[in-house]
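Structure first, commentary second.
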Amino acid sequence: MSDKVAVLGGKGGLPPAWVLAGLEPPQGIKDMGSWKAAVYTPEQQARLGVDEEGHKHDAPRMVGGPGVIGPAWTRGEIEPPQGEKNMGSWTA
């Protein structure tokens with residue numbers, strides 16, 4: 001067994017989005033039980049037009065993050081799938 005302790009993020013982890021984008025940091029703290037999250041205060045939310053996590057109110061949410069492209073059939077490159085497959089808790 002290893003003596004190393006797993007660290008979330010580690011050497012390859014990225015800093016928070018507000019650090020990368022040079023934005024105002026959140027001033028609030030939210031107790032998440034076993035850890036604490038930095039959050040934007042109600043005053044910051046009203047002034048900056050963001051939610052508690054710093055997302056702009058009018059910004060669309062994207063699965064996969066910026067720069068990710070969808071399946072080839074969504075771009076018209078191939079024919080879309082014609083059937084469905086039961087994946088247990090969801091259908092593909």
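Quick caveat, the model's predicted, so the values are computed rather than measured. All residue numbers in this chain count up from 1 along the given sequence.
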(request) Check the surroundings of atom CG in Leu23: do more than 12 heavy atoms from other residues, nucleotides or ligands lie under 6.0 Å from it? (result) yes
(message) Quick test of your reading: applying side chain to side chain donor-acceptor pair (under 3.5 Å), list the pairs with at least one residue in residues 14-29, sequence neighbours left out, ordered by first then second residue.
(response) Glu24-Gln44, Glu24-Arg47
Just distance, no hydrogens or angles: give the donor-acceptor pairs under 3.5 Å from side chains in residues 68-82, sequence neighbours left out.
residue: Thr74; atom: OG1; partner: Pro71; partner atom: O; Å: 2.6
residue: Arg75; atom: NE; partner: Glu77; partner atom: OE2; Å: 3.0
residue: Arg75; atom: NH1; partner: Gly70; partner atom: O; Å: 2.2
residue: Arg75; atom: NH1; partner: Pro71; partner atom: O; Å: 3.3
residue: Arg75; atom: NH2; partner: Glu77; partner atom: OE1; Å: 3.2
residue: Gln82; atom: NE2; partner: Pro80; partner atom: O; Å: 3.0

For residues 85-92, which side-chain donor-acceptor pairs fall under 3.5 Å, sequence neighbours excluded?
residue: Asn86; atom: OD1; partner: Gly88; partner atom: N; Å: 2.7

(request) Hey, could you give me the NE2/CD distance between His55 and Gln45, rounded to the nearest 0.5 Å? (result) 12.0 Å
Donor-acceptor pairs under 3.5 angstrom involving side-chain atoms of residues 30-39: please list them, not counting sequence neighbours.
residue: Lys30; atom: NZ; partner: Glu52; partner atom: OE1; Å: 3.1
residue: Asp31; atom: OD1; partner: Gly33; partner atom: N; Å: 2.8

